[in-house]
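Written out below as structure tokens is the structure these notes cover.
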2 protein chains.
Amino acid sequence: MELVRATNRSVRLRNRSALLSRIFLDGPLTRQDLVRGTGLSQPAVSNVVGDLIDEGLVMEAGAAESDGGRPSMMLRVAPRHAVVIGVDVGETRVRVELFDLTMTVLGSVEYPLEHNGTEPATVAGHVLAGIDRVLADSGIARSEVLGVGIGVSGVVEQGAHAIVDAQTLGWHRVPLQQLVAEGTDLPLHLDNGAKTLGQAEMWFGAGRGARHAVFALVGSGVGAAVVTNGVTYRGASSSAGEWGHTTLVYGGRPCRCGARGCLEAYVGAEAVIDRYREARRGRPVPGEDEESQLGALVAAAEKSETARRVLDETADYLGAGVANLINLFNPERVVLGGWAAMALGGLLPAIRVAAGRQALRAPYAQTTIELGRLGVDAVALGAATLPIARLLATGGIRR
Amino acid sequence: MELVRATNRSVRLRNRSALLSRIFLDGPLTRQDLVRGTGLSQPAVSNVVGDLIDEGLVMEAGAAESDGGRPSMMLRVAPRHAVVIGVDVGETRVRVELFDLTMTVLGSVEYPLEHNGTEPATVAGHVLAGIDRVLADSGIARSEVLGVGIGVSGVVEQGAHAIVDAQTLGWHRVPLQQLVAEGTDLPLHLDNGAKTLGQAEMWFGAGRGARHAVFALVGSGVGAAVVTNGVTYRGASSSAGEWGHTTLVYGGRPCRCGARGCLEAYVGAEAVIDRYREARRGRPVPGEDEESQLGALVAAAEKSETARRVLDETADYLGAGVANLINLFNPERVVLGGWAAMALGGLLPAIRVAAGRQALRAPYAQTTIELGRLGVDAVALGAATLPIARLLATGGIRR
DNA sequence: CGGCTTAATTAATGTCGTCATTAAAATGGT
DNA sequence: ACCATTTTAATGACGACATTAATTAAGCCG
């Protein structure tokens with residue numbers, strides 16, 4: 001179904017891309033490793049690698065162990081060939097991080113968001129200020145920045161300028177990319193936060209090695225990223241993966257999206273706290289913000305029957321939601337991430353059991369359900385991979 | 001993430017595949033159409049097309065209209081370069097159809113299945129007998145058969161020999177491909193029936209032109225096929241798309257899969273009839289089989305409040321189920337197929353409304369919900385496309 | 001220090017698409 | 001009836017690339 005023409009030059013591009021990707025994702029590697037890994041001939045690998053070294057994208061880094069014979073040189077991506085910036089526009093804060101090409105953090109800065117002071121222009125301002133800040137702090141020139149990736153907790157519609165719908169921020173069709181672009185000419189990449197988290201876990205965390213994986217992001221709201229055949233699936237207008245608003249309890253609790261019985265209305269942090277409050281006959285849950293309230297609930301479960309019941313039910317609902325993902329996507333792995341999922345980590349065994357009850361046996365047996373390995377900062381890390389993904393796809397030929 | 005090497009010869013293969021696919025799917029076309037459609041140069045197109053003609057895969061079919069200048073020749077796939085066989089192993093029958101490469105039916109035969117006489121060996125026997133029969137009837141030699149595609153109403157796990165799990169047939173890990181292969185050495189392709197139906201609608205029906213589409217198959221049971229980026233999505237073990245057993249009503253009606261609240265337990269034909277019976281306080285629904293019982297329900301809705309209510313609820317459940325697909329996959333199109341969906345066609349407006357209530361606005365606005373165009377035989381037709389899909393993918397180089 | 005092994009480079013060969021040019025085939029004006 | 005015009009198809013020179021085979025480089029081992 002691929003109706004894209006191939007030409008002789010595209011051969012080189014593909015091979016460059018394949019080799020560079022491998023060096024980046026699995027490196028350091030020797031030329032021989034690349035020969036074995038890609039099936040290309042030795043001269044072809046040397047030829048392409050030579051170009052990459054000449055262009056400063058790749059560097060030799062010492063010789064490999066050898067037991068007789070000429071030792072092969074290790075190849076790695078040149079860490080400072082460029083830097084990338086990852087931004088996490090979350091429900092409560094904007095976080096900007098600067099990475100080199102080995103994804104080492106070179107600097108970061110965070111701006112809290114008022115609970116309702118979430119004007120798009122304010123957020124764009126934070127992003128721009130953050131970029132200036134991390135560059136200034138680390139003394140790196142703008143020209144060295146490959147690009148800026150921005151993960152937003154909302155639906156991001158890709159296009160010439162990405163448009164953002166974010167219920168929790170009260171945003172409707174906000175041209176965030178344009179707002180940021182007006183303040184900088186660095187290449188921008190916007191994406192949904194769940195998708196960037198998925199990308200991060202896919203490259204560096206619990207998703208490594210999987211071709212088909214689902215990343216469930218549980219925070220105040222609920223989202224998911226689906227990786228099919230190694231690629232994040234976006235759908236027709238890049239809103240695929242809106243797991244939080246799938247119906248789980250037909251006719252059930254009202255959801256902030258306007259429908260009823262959405263998964264988010266049961267397992268989102270806000271909903272869990274709400275359900276706990278109801279179970280306490282309306283007595284408020286102690287804690288300043290959702291994070292501490294959820295913590296209070298988890299702590300209370302040690303002693304309180306009520307709290308435990310709420311958590312058990314949460315695991316059941318979450319398990320059923322995960323089962324739906326398993327039935328529909330048949331992934332090799334389901335990875336739970338987001339701060340609420342991390343806080344509820346103790347429920348993992350119960351979630352597994354609940355999912356097993358609701359999923360079909362065969363696909364359930366072929367998947368694992370685990371927690372994310374990258375913690376809460378995965379969104380910014382994943383956002384930073386967006387410009388890199390482009391670099392790898394084009395074989396390192398910028399723009 | 002594509003780590004496949006490219007070589008000069010693979011360029012030719014890709015272009016052969018692209019051109020052949022276009023001629024097959026959109027033909028007849030002229031060389032110039034191909035030039036415009038693929039971006040290849042004229043000589044390249046002529047060169048490849050020349051090969052295809054020499055090998056008998058493609059033939060010239062008359063000149064196109066011309067208003068001055070040398071008229072271009074129409075190119076089409078040679079209809080009798082090969083024939084293909086499509087098999088529909090349904091819940092109640094095995095249907096075998098013979099097609100030429102333009103998908104014209106050259107012959108067909110059907111074997112009813114006893115309601116519980118569904119021994120795998122029996123089914124394999126029917127398939128083999130059907131192949132012999134359609135070939136004998138049409139006087140076509142086995143050597144002309146490109147391959148046999150088999151669509152099965154169950155989960156098909158791909159592998160060296162495909163394995164089938166089919167609850168409605170009482171099958172568990174049945175090596176159907178092997179059973180059939182023992183009786184013939186024609187190339188076999190097994191797949192889930194919903195997926196072959198999707199493939200058929202994608203190429204020849206309501207899915208034409210879409211990159212992202214979901215095909216929902218409602219019969220006695222419920223299944224779905226998901227097309228992402230133009231390709232049927234299979235997942236890790238090709239059981240993706242098991243929509244029927246996603247939880248829609250947490251804790252609801254028991255399903256034959258053992259879980260509770262599955263979509264299938266509400267909108268599968270069997271379930272709808274069951275719900276109607278319950279609404280009639282247990283009085284049996286008139287009709288010999290499910291098909292006539294469902295027909296009776298639809299007919300009764302003209303007069304009976306009860307029947308109408310059952311149908312309305314069915315539309316609501318189905319709409320919610322469709323909404324889940326829209327939220328998760330963000331398709332351009334949702335196509336409803338299968339005999340029960342066809343019988344319930346009158347509910348389409350209600351289903352659209354119900355889906356709109358439960359789906360997020362943005363993805364809902366970007367999709368259409370429609371009925372399949374190919375009717376009930378789409379499963380066999382789609383199965384027959386499996387060997388052809390392989391032919392197109394390899395650029396017409398057999399095996 | 002020579003024999004052996006493995007890595008990397010160079011040389012020769014062949015595949016393939018592009019560009020530019022030429023041949024072919026139809027229409028329409030004069 | 002004939003030639004200019006237009007559009008399609010076929011040819012040939014050229015360049016980009018990967019492949020195989022042969023060479024050179026660089027280490028270990030006894």
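Below, read A as the first sequence line, B as the second, and so on, with proteins coming before strands; counting in each chain starts at 1.
- Distance alone, capped at 3.5 Å, places no donor-acceptor pair between the Thr232(B) side chain and the Lys195(B) backbone.
- Rounded to a whole Å, the CD1 atom of Ile53(A) is 8 Å from the P atom of dT9(C).
- Protein atom CD of Glu60(B) is 13 Å distant from nucleotide atom C1' of dA10(D), rounded to whole Å.
- Checking the phosphate oxygens (OP1, OP2) of dA18(D), no side-chain nitrogen or oxygen of Thr7(B) falls inside 4.0 Å.
- Note on Arg5(B): a side-chain N or O is less than 4.0 Å away from OP1 or OP2 of dT19(D).
- Spacing between atom CZ of Arg16(B) and atom P of dT15(C) amounts to 15 Å, rounded to whole angstrom units.
- The side chain of Asn15(A) places an N or O atom within less than 4.0 Å of a non-bridging phosphate oxygen (OP1 or OP2) of dA18(D).
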| side chain to side chain donor-acceptor pair (under 3.5 Å) between Gln158(A) and Ser238(A), intermediate numbers included | CA-CA 6 Å; Gln158(A) 302 291 345; Ser238(A) 35; 5.0 Å; no
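- Listed pair Arg31(B) / dA9(D) meets the phosphate criterion, a side-chain N or O lying under 4.0 Å from OP1 or OP2.
- Residue Arg9(A) places no side-chain N or O under 4.0 Å from the OP1 or OP2 atom of dG17(C).
- Atom CD in Gln32(A) sits roughly 4 Å away from atom P in dA7(C) (whole-Å rounding).
- In summary, Glu55(B) and Arg16(B) engage in a salt bridge, as defined by a charged side-chain N under 4.0 Å from a carboxylate O.
- Of the candidates dC16(C), dT18(C), dT10(C), the closest approach to any side-chain atom of Pro43(B) belongs to dT18(C).
- Atom CG in Asn47(A) sits roughly 13 Å away from atom P in dA11(C) (whole-Å rounding).
- Ser46(B) has a side-chain polar atom (N or O) that falls below the 4.0 Å cut-off from OP1 or OP2 of dA10(D).
- Rounded to whole angstrom, the span from the CD atom of Gln42(B) across to the P atom of dA10(D) amounts to 10 Å.
- Residue Met73(A) contributes atom CE, which lies 11 Å from atom C1' of dA8(C) at whole-angstrom precision.
- The aromatic rings of Tyr233(A) and His212(B) sit perpendicular to each other, their planes meeting at more than 60°, with 30° as the lower class boundary.
- With rounding to whole Å, Asp51(B) atom CG is found 14 Å from dA10(D) atom C1'.
- Distances shorter than 4.0 Å separate none of the side-chain N or O atoms of Arg12(A) from OP1 or OP2 on dA16(D).
- Between the side chain of Asn8(A) and the base of dC17(D), no donor-acceptor pair under 3.5 Å is found.
- The side chain of Ala44(B) lies closest to dT18(C) when the candidates are dT19(D), dT18(C), dA9(D).
- Side chains of Ser72(B) and Gln32(B): no donor on one and acceptor on the other come within 3.5 Å.
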